[in-house]
Each structure stands twice: as C-alpha cells, then as structure tokens.
*Asks:* 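After the structure tokens below, expect a handful of questions from me.
Numbered from 1 within each chain, the chains take letters A, B, ... in sequence-line order.
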Amino acid sequence: RKEVEQDPGPFNVPEGATVAFNCTYSNSASQSFFWYRQDCRKEPKLLMSVYSSGNEDGRFTAQLNRASQYISLLIRDSKLSDSATYLCAVRQTGANNLFFGTGTRLTVIP
Amino acid sequence: EAGVAQSPRYKIIEKRQSVAFWCNPISGHATLYWYQQILGQGPKLLIQFQNNGVVDDSQLPKDRFSAERLKGVDSTLKIQPAKLEDSAVYLCASSPSLAGSSYNEQFFGPGTRLTVL
C-alpha cells in the first residue's frame, strides 16, 4: 500500500467554483502534513501546512482528520491561476523527509 | 534570498552512459534532499543529507546511483550506468534543520530533467 494516495484527476472546474481534494495516508505515526502546488514543468512549492485544528489562507482551507487518516484542501472562488497540480505530502514522526502523493491536477476553465 | 540552484536543467543521454547532477542549497540550510519525480507521479526521496552525513538513503538504487555532499554544502548525484527507467526530473531540496519544528519547510530547486534514450 502506498504511503500517500490521491485521486490524480483531472478536475476541470469553471471559474468561481469551489473544489475539494482529499489525500489519504497509511501510516498512523505521520506527524506533519502539507499541500504543495506544482505548475507544469516547475518545482513543487509549499502552498500550506495542515495543522490539527485546520487552517485557512485566503481562498484555501486545509483540514486534517487523524481518525480517518486523510487531509483535504478546499479552494473557493477558483481562479484561472489556480490551475496546477496539487501534491499532498506527509512527514512521519522522527523523520524529516516527505512522502508525496501522485498529485491532483486541477484545470480552471474560463 | 537565492533559492536552490541545480544544473544542468536538461540532460539527454543514451542508456548505459553516466550522468551527474549538481545542487547548491539555500545558504545555511543543513539538510539537503534528492528526489526523483517520474512523469505523472509525486517526488520520491532518494537520499537525505544532514550537513555532510547521510540520514536516509533507503530508496537509493545503490548499484547505479551515488550521491555525496563532501563539504556539507553542494551536492552531486550520479547515475552510472543509466537505464531507460531513470528518465525523470531530479529535484534537489533543502531545509533549515533536522531537529526543531516538525513543519520545517523544504525548498525545491528547479530540477534536472533527464531523458535516457
């Protein structure tokens, strides 16, 4: 079983729509959680960390559900510039390396 | 602040040839990572250094891949001999420290896109 699993999509949504991605992780010892954004042919960049209490940054909201071992990312009022691949990443207790999902590709359509 | 630098950006080689990639992390970052990202997949850790020591190389195919960070700053990743399945983007990342906050951010370089023919 993979450490981290995501629906690869693609998700095609109209501008202004709300879209949500989920990501499941297999190791209950996982400690830290992140969402990265990766544009085509570019490197991943940290979008937001995911805290136990959930956190929000503008139009983006991240949630963690430890009981069900998943994290989610909600994007409200989608913009054309949100089109990218969204990677979830998980760090286990005592480690510093990240396990990444395959990424979910989002295309926002005019 | 300068980001993570990598070179070359692109490399095309034939199978069984050798290739080397170079990474210069963000100044002062103790931890350096090499990831392999195959098309359509997420990055997969190959090796992690803390200063000039190896922390984790469990996913590194040691029969053909090697990496070093001799002075605890720059790092090189080598593949010898290359196989077709090594075609991927090789990403270098760095982060400030190993201990401390569990939310140490990793900063990625632009990657080296390797094509093995």
*Asks:* Quick one: are Gln106(B) and Arg91(A) in side-chain contact, heavy atoms under 4.5 Å?
*Replies:* yes
*Asks:* For Gln38(A), is it the side chain, the backbone, both or neither that has a heavy atom under 4.5 Å from a heavy atom of chain B?
*Replies:* side chain
*Asks:* With chain A, which of Leu45(B), Val4(B), Ile38(B) has the greatest number of heavy-atom pairs at distances under 4.5 Å?
*Replies:* Leu45(B)
*Asks:* When hydrophobic residues are tied together by side-chain contacts of less than 4.5 Å, even through go-betweens, does Val19(B) share a cluster with Val89(B)?
*Replies:* no
*Asks:* When you compare the side chain of Leu91(B) with that of Pro44(A), does any pair of heavy atoms fall below 4.5 Å?
*Replies:*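 Side chain of Pro44(A) against side chain of Leu91(B), heavy atoms only: contact under 4.5 Å found.
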*Asks:* How far does CD of Gln48(B) sit from CG of Asn97(A), to the nearest 0.5 angstrom?
*Replies:* 5.5 Å
*Asks:* Are Val55(B) and Leu46(B) connected in a single hydrophobic cluster, I mean Ile/Leu/Val/Met/Phe/Trp/Tyr linked by side-chain heavy atoms less than 4.5 Å apart?
*Replies:*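 No; Val55(B) is not reachable from Leu46(B) via cluster members.
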*Asks:* Name the member of Pro43(B), Ala93(B), Gly111(B) that forms the most heavy-atom pairs with chain A at distances under 4.5 Å.
*Replies:*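 The residue among Pro43(B), Ala93(B), Gly111(B) with the greatest pair count is Pro43(B).
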*Asks:* Around atom CD of Gln80(B), are there more than 12 heavy atoms from other residues, nucleotides or ligands closer than 6.0 Å?
*Replies:*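 Incorrect, the count does not exceed 12.
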*Asks:* Near Leu39(B) CG, under 6.0 Å, is it more than 12 heavy atoms from other residues, nucleotides or ligands?
*Replies:* no
*Asks:* Going only through I, L, V, M, F, W and Y residues with side-chain contacts under 4.5 Å, is there a path from Leu114(B) to Leu60(B)?
*Replies:*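 Same cluster.
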*Asks:* Nearest 0.5 Å, please: how far is CG in Leu98(A) from NZ in Lys44(B)?
*Replies:* 15.5 Å
*Asks:* For Arg105(A), is it the side chain, the backbone, both or neither that has a heavy atom under 4.5 Å from a heavy atom of chain B?
*Replies:* neither
*Asks:* May I ask you to check whether Gln6(B) and Glu43(A) show a side-chain donor-acceptor distance below 3.5 Å?
*Replies:* no
*Asks:* Please classify the contact between Phe99(A) and chain B as side chain, backbone, both or neither, with a heavy-atom cut-off of under 4.5 Å.
*Replies:*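 Contact with chain B involves no heavy atom of Phe99(A) at all.
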*Asks:* More than 12 heavy atoms of other residues, nucleotides or ligands under 6.0 Å from NZ of Lys62(B): yes or no?
*Replies:*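 Yes, enclosed.
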*Asks:* Is Leu74(A) linked to Tyr70(A) within one hydrophobic cluster, defined over Ile, Leu, Val, Met, Phe, Trp and Tyr using a side-chain heavy-atom separation of less than 4.5 Å?
*Replies:* no
